[in-house]
2 protein chains.
Amino acid sequence: MFLIGKLSQFAGVSTQTIRYYERIALLPAPRRSENGYRIYDDTDIDRLRFIKQARQLNFSLDDIAEILALRERNQAPCSVVMNKVAQQIEEINSRIAELIHLQNELKRLYQVGLTMPEDIEMKHCVCHLIKDGLPKEVDAHA
Amino acid sequence: MFLIGKLSQFAGVSTQTIRYYERIALLPAPRRSENGYRIYDDTDIDRLRFIKQARQLNFSLDDIAEILALRERNQAPCSVVMNKVAQQIEEINSRIAELIHLQNELKRLYQVGLTMPEDIEMKHCVCHLIKDGLPKEVDAHA
DNA sequence: ATTTGACCTTATAGTAACTATAATGTTTAG
DNA sequence: CTAAACATTATAGTTACTATAAGGTCAAAT
Ligand SMILES: [Zn+2]
Ligand SMILES: [Zn+2]
Ligand SMILES: [Zn+2]
Ligand SMILES: [Zn+2]
């Protein structure tokens with residue numbers, strides 16, 4: 001039995017975010033005190049902590065809603081969770097690969113850029129490399 | 001001298017996105033034909049290709065606007081570009097590190113989850129691991 | 001008694017970079 | 001004549017929040 005500020009402290013989630021979760025029905029509308037303040041109890045802490053942990057594991061709010069909905073219908077979400085976890089491990093591999101690719105391009109751009117003069121015509125400096133793409137092999141700029 | 005559809009083809013950017021870029025003033029408002037259609041020329045292709053390349057290098061539209069603005073004032077943006085490139089190379093390192101960390105947690109969660117039963121009380125299955133966080137060492141579940 | 005401070009409330013808009021939709025107008029070809 | 005393939009605008013949706021404004025409630029200190 002406590003107000004939103006306490007729930008925020010207990011769960012480590014801002015009051016703004018708690019209200020947001022309520023708006024999108026990720027959290028149920030809590031009962032209200034006479035003055036209209038939201039009143040929570042321990043089960044709310046549990047639910048919110050679950051959400052927070054799942055967010056830190058990069059589950060989307062949609063994923064989390066699905067998992068919580070299963071729980072509400074007394075269906076064990078374990079296999080759904082395991083599938084999403086496996087899927088995410090794969091996605092992270094792809095994202096890392098993309099980032100490494102991007103980083104390699106940036107590194108190459110940087111190295112080539114170091115060898116080039118500034119020029120306002122944007123013809124022979126790093127800017128022109130952005131426009132035209134990096135050459136396969138750096139041209140001797142002859 | 002061509003319409004937005006051609007510009008879209010030449011630059012590889014959708015017409016929607018071209019109009020969007022115009023709205024946020026990343027592209028100048030082009031002149032219009034009698035019927036109100038946008039009319040472009042080769043310099044527009046250049047500018048749009050530059051934007052596209054920079055986007056593929058993960059420059060933000062704000063970054064790109066800044067670079068193009070410098071160019072407009074006849075100031076060479078080379079050093080700005082080089083700084084942003086260097087900065088991004090660093091940021092990608094951080095992001096990769098974060099992703100690897102996240103992936104390790106997911107892998108650990110998955111492995112532990114494999115050893116656990118489904119249960120609707122959410123006490124001893126993978127779901128409870130999400131709520132309470134992964135243990136440092138997997139508990140023997142005694 | 002009042003005022004200050006720490007709470008709480010709602011509604012609304014902003015973030016990044018698009019993408020999608022609706023409703024409509026123009027031009028060309030069959 | 002009409003259907004396709006273009007074009008136009010305005011508006012809303014995406015993700016997960018965060019920020020702001022404008023205000024109501026309550027306890028304590030002055
Ligand atoms: Zn479970
Ligand atoms: Zn060159
Ligand atoms: Zn330059
Ligand atoms: Zn256990």
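By convention in this document, chain letters (A, B, ...) are assigned in the order of the sequence lines, proteins followed by strands, and residues within each chain are numbered from 1.
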Measure from the side-chain heavy atoms of [X] and tell me the nearest of [options].
X: A:Y37; options: D:dG24, D:dA16, C:dT26; result: D:dG24
X: B:R38; options: C:dC8, C:dT19, D:dT9; result: D:dT9
X: A:R32; options: C:dT9, D:dC26, C:dT19; result: C:dT9
X: B:R23; options: D:dC6, C:dT19, D:dT18; result: C:dT19

Hey, does B:Y21 reach any base, or is it just sugar-phosphate, or nothing, if we go heavy atoms under 4.0 Å?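 It contacts sugar-phosphate atoms only.
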
Please find the pair of heavy atoms, one from [X] and one from [Y], that lie closest to each other, and give the distance.
X: B:M82; Y: A:G113; result: CE-C, 3.6 Å
X: B:F10; Y: B:R49; result: O-NH2, 3.1 Å
X: A:R38; Y: A:L3; result: O-CD2, 3.3 Å

Taking the nucleotide of DNA chain D with the nearest heavy atom to each, does A:Q16 or B:T15 sit closer to the 5' end? B:T15

Looking only at side chains, do A:N35 and A:S33 share a donor and an acceptor under 3.5 Å apart?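 A pair is found: one side chain offers a donor N or O, the other an acceptor, under 3.5 Å apart.
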
Answer with yes or no whether the side chains of A:N93 and B:Q103 bring together a donor and an acceptor at under 3.5 Å.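 A donor-acceptor contact under 3.5 Å links the two side chains.
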
To the nearest Å, how far apart are [X] [atom1] and [N] [atom2]?
X: B:F59; N: C:dA16; atom1: CZ; atom2: C1'; result: 17 Å
X: A:Q56; N: D:dC17; atom1: CD; atom2: C1'; result: 15 Å
X: B:I24; N: C:dC18; atom1: CD1; atom2: C1'; result: 9 Å
X: B:E34; N: D:dT8; atom1: CD; atom2: C1'; result: 16 Å
X: A:R19; N: C:dA13; atom1: CZ; atom2: P; result: 18 Å
X: A:R31; N: C:dC8; atom1: CZ; atom2: P; result: 16 Å
X: B:E22; N: C:dC18; atom1: CD; atom2: C1'; result: 16 Å
X: B:I39; N: D:dC6; atom1: CD1; atom2: P; result: 18 Å

Does a side-chain N or O of A:T17 approach OP1 or OP2 of D:dT18 to a distance below 4.0 Å, or not? yes

May I ask you to evaluate whether A:N35 reaches the phosphate of C:dT9, defined as a side-chain N or O under 4.0 Å from OP1 or OP2? no

